[in-house]
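Naming convention: chains lettered A, B, ... in sequence-line order (proteins, then strands); numbering from 1 in each chain. Values reported hereafter were calculated over all heavy atoms of this structure, with side chains retained and with hydrogens, waters and symmetry mates removed.
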Protein chains: 2
Amino acid sequence: MDVHVRDLRYFVAVAEELSFTRAASRLFISQPTLSKQIRQLESSLRTALFERDRRSVVLTPAGRALLTHASAIIGRWEDARRDVADVVARQDMVLTVGFQNRIGRGLIPSVTARMGVELPDWRLKFRQVSWGDPSAGLAGGEVDVAVTWLPVPDTGEFTWKVVSTEERWVALPVGHALAGRTAIPFSELASEPFIAHPPSAGALRDFWLAEDHRRTPARVVAEAENPDESFELVAAGVGIVLLPAENAEVSQRADVVHRPVLGLSPSRLAVVWRTKDRREAVHVFAESCARCLCYLPDGASSVPI
Amino acid sequence: MDVHVRDLRYFVAVAEELSFTRAASRLFISQPTLSKQIRQLESSLRTALFERDRRSVVLTPAGRALLTHASAIIGRWEDARRDVADVVARQDMVLTVGFQNRIGRGLIPSVTARMGVELPDWRLKFRQVSWGDPSAGLAGGEVDVAVTWLPVPDTGEFTWKVVSTEERWVALPVGHALAGRTAIPFSELASEPFIAHPPSAGALRDFWLAEDHRRTPARVVAEAENPDESFELVAAGVGIVLLPAENAEVSQRADVVHRPVLGLSPSRLAVVWRTKDRREAVHVFAESCARCLCYLPDGASSVPI
DNA sequence: GAACATCCATAGCCCGAGGCTATGACAGAA
DNA sequence: TTCTGTCATAGCCTCGGGCTATGGATGTTC
C-alpha cells in the first residue's frame, strides 16, 4: 500500500545509473538487496518499472511516470526534515555543532565566550557524527553547523571557512619498524596496510588515504567510524592511519605512537554550514571560529576539550 | 533517516483527531502501536511532535511544520500510484474491474460484447476486492472501475450509476428456527447475531447490518471479508447475514437457506469510477452497464458468471 | 572457440521493525 | 471513592529488509 521513502530513493538511484550493480554500490547496499527491493516496489505497483534484458536496464513508461513523483517526494521529505530541525533550533535557541574528531584547538572556549556576548540566549549542543557522512550531519539536518576536515561535497549546498591548516601525521603501533624515527617520508608508508574511513565518506576517505600522493590505490585492511575505533585497530597492529598534527598531540596512548609524515599536502579544518541557512546564529558561530584562530598563535592553540 | 509514508499517514491522523485512541481506530491499528510509531517518528526527527498532558493532545511548533509537508507527501504518493496505474492501463489497454460479491446479473456477457464493438483493442480484467475497502479498490488505484453496492464514500471523489435495485434477503443455517418461513419481517431478525463487513467498510457495513432500521446497534458476532467467508460462518451457526436477492439465488448451498426479508429498503448495485478519470474506456464501460439493465427484464437477468 | 568477466536473479539466513494483547498510571466524572 | 477514558509500557510474534553464496546468461578477450 504505502511506500518507504528509502525504496523511492533506491528506485531513483537505479533510474539514474541504469544499472543495479552501480546503484547498489552508490547506495552502500548489496546488489541482491537492491534487486529485491525494486522487485517488491514493482509488485506493489503491479507493473514493471525497468526492462532488464540481460545487458541493459531501461525505464518502462510506468517507471518514467513514477520517476518525477519519486524525486519530488524525496525532496519534499528532506525539506520537511530541515524545516522541523529549523523550527526546533529557532525556538530552543540551540545551535547543534557536528564534529568528527575531537575539536580542540582552543575553539570551544573562545567560541562559547563570543557567542555568550553576541547571542546570550543561544546555547551550543555538540554531536559527534560518523566519518561515514561526508557532510558531517548537515545534509540530513541533524546538525546546524559542522567543524570538519576538508573536502566536503562540493555541490554548492555547503559553504565553509578554513579554521586551521595542519600537517598530516601517522599513528603507528609501538612495536612498528618505523616507530623509532622522528619523521617519516610518505614513500616509506605507502605500501603499509591502512585503516580507512567508510566508503560513504567519499573524497574525505581518499584524502586520509593520501590517494593523491600514490600511484596505486592504498591497501585498506579495515574501516573505522571514528578516531577511537581507528586507534584501537592501530594498537592491535591491524594497520596504520594518518591524522592531523594537533590530534596526534592530544590523543596520547601508551600503545600508539604518532610521527610527522613528510611530503604530504597539509589537512585543513573548516567550519561548514548549509549555504541556504541564513540564520544569524550560524554566521556568528562561523565568524567566531575564524576569528579565534587569528588571535592565537599556532602553538598556543592546542587546548584539548 | 528516511520515513515510511505509512508513518506520515499515522502522524496526520493523530494531528487531525488530536487523540491517539480515535486516530488508532480510524487507522484500524491498536493504540499502543500508534503511540510507538509516533514516538519513533519523533525520535528520528529528534523532537516532540505532540504535547501530551494526560487529557489533551496538541501539536508542537515542530509538529505544525511537519504537517503540511506530510500531507503533501501522502498526496503526491497517491498521485504517483494513480499515474502509474493509468500509464499501465493505457498502454496495455486493460480496464481493471473491481467487484466484491460475484457480479452476475447478465452484466459480464453483455458488457464484454459491447466493449468488443466500441473498443476492440481493450480487454477487461477482474479483481476481487475485500469488503474492508469502501471504495472497492478505486482509492488505491488497484482498479479502474468497480461494480459494488451503495453506499460508497460520498466525498465527490467517486461518481456512480445505479445498475440494479434489489430487495434484501437473509442467509440462515438450515436448522434455524425461522428457516421454515417463506418470508421474514426484519423485526423478527433484529436481535439475531450478525456477521458484519470489517469496520473499515464504514457506511457499507452499517447498510448490511440494516442499522437504519434498528433502535439499538446490531449484535455483531463475527466479521467476514467476502461472501464465502460469511456463508461459512452462517453454515456453522455463528450468525446470520443479509444479502441481495440475486446473490441469494446464485449462491445455493445445502447447509444455508435464503429467505426474503420484509420491511427493509432495497439495496442498489452501482458501477463506480473516479470522478477525475476521464478516459473513454471508463465511460464506455459504465454506459454499457447501465444500458444492459434497460434491455433485460429483472427476471431474465439472473445469469451467474 | 574456450575461458573469463560482468551483471542480474535466486536461495537461505539473521535481526530488527512493526504489529498485537495485557496491564499500569493518571485525570476527570459520577 | 469509584469508574471510565486515555496514553504509556512490557512482552511476544511475524515478516521485511539486510547480508553472503551461488547460478545463468551475455559480452569480451586471447
Of the nucleotides [options], which has the atom closest to the [X] side chain?
| X | options | result |
| --- | --- | --- |
| Y10(B) | dA21(D), dG19(C), dC8(C) | dG19(C) |
| F20(A) | dC8(C), dA8(D), dG18(C) | dC8(C) |
| K36(B) | dG17(D), dG18(C), dC8(C) | dG18(C) |

For [N], does either OP1 or OP2 sit under 4.0 Å from a side-chain N or O belonging to [X]?
| X | N | value |
| --- | --- | --- |
| S19(A) | dC7(C) | no |
| R52(A) | dA25(D) | no |
| S30(B) | dC20(C) | yes |
| T33(A) | dC19(D) | yes |
| R6(B) | dG18(C) | yes |
| Q37(B) | dG19(C) | yes |
| T21(B) | dC7(D) | yes |
| S35(A) | dA9(C) | yes |
| R22(B) | dG5(D) | no |

Take the protein atom [atom1] of [X] and the nucleotide atom [atom2] of [N], then report the distance between them rounded to whole Å.
| X | N | atom1 | atom2 | result |
| --- | --- | --- | --- | --- |
| I38(A) | dC8(C) | CD1 | P | 12 Å |
| E42(B) | dC7(D) | CD | P | 13 Å |
| F50(B) | dT6(D) | CZ | C1' | 15 Å |
| D7(A) | dA17(C) | CG | C1' | 14 Å |
| L34(A) | dG16(D) | CG | C1' | 16 Å |
| Q31(B) | dG19(C) | CD | P | 14 Å |
| R39(A) | dG16(D) | CZ | C1' | 17 Å |
| E17(A) | dC8(C) | CD | P | 11 Å |

Side-chain heavy atoms of D255(A) within contact of F231(A), under 4.5 Å: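 Contact flag for D255(A)/F231(A) side chains = no.
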Sugar-phosphate, base or nothing in reach of Q40(A), heavy atoms under 4.0 Å: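 Sugar-phosphate only.
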Aromatic ring pairing F50(B)/F11(B), orientation class (parallel under 30°, perpendicular over 60°, tilted between):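 Taking F11(B) first and then F50(B), their aromatic rings sit tilted (interplane angle of 30° to 60°).
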Nearest heavy-atom neighbours spanning W149(B) and L204(B):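 Nearest pair, atom of W149(B) first, then L204(B): O-CD1, 3.5 Å.
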Any donor-acceptor N/O pair, E225(A) side chain to S130(A) backbone, under 3.5 Å: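 No; judged by distance alone, with no hydrogens or angles, the pair does not exist.
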First of F28(B) and P32(A) reached from the 5' end of DNA chain C, by closest nucleotide: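 On the 5' side of the pair lies P32(A).
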Pair R274(B) + E78(B): basic N to acidic O under 4.0 Å: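 Salt bridge flag = no for E78(B) with R274(B).
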Within residues 91-100 of chain B or reaching into it, pairs that qualify as side-chain hydrogen bond (donor to acceptor under 3.5 Å, both in side chains) - sequence neighbours excluded: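 Listed once each, the pairs are Q100(B)-T148(B).
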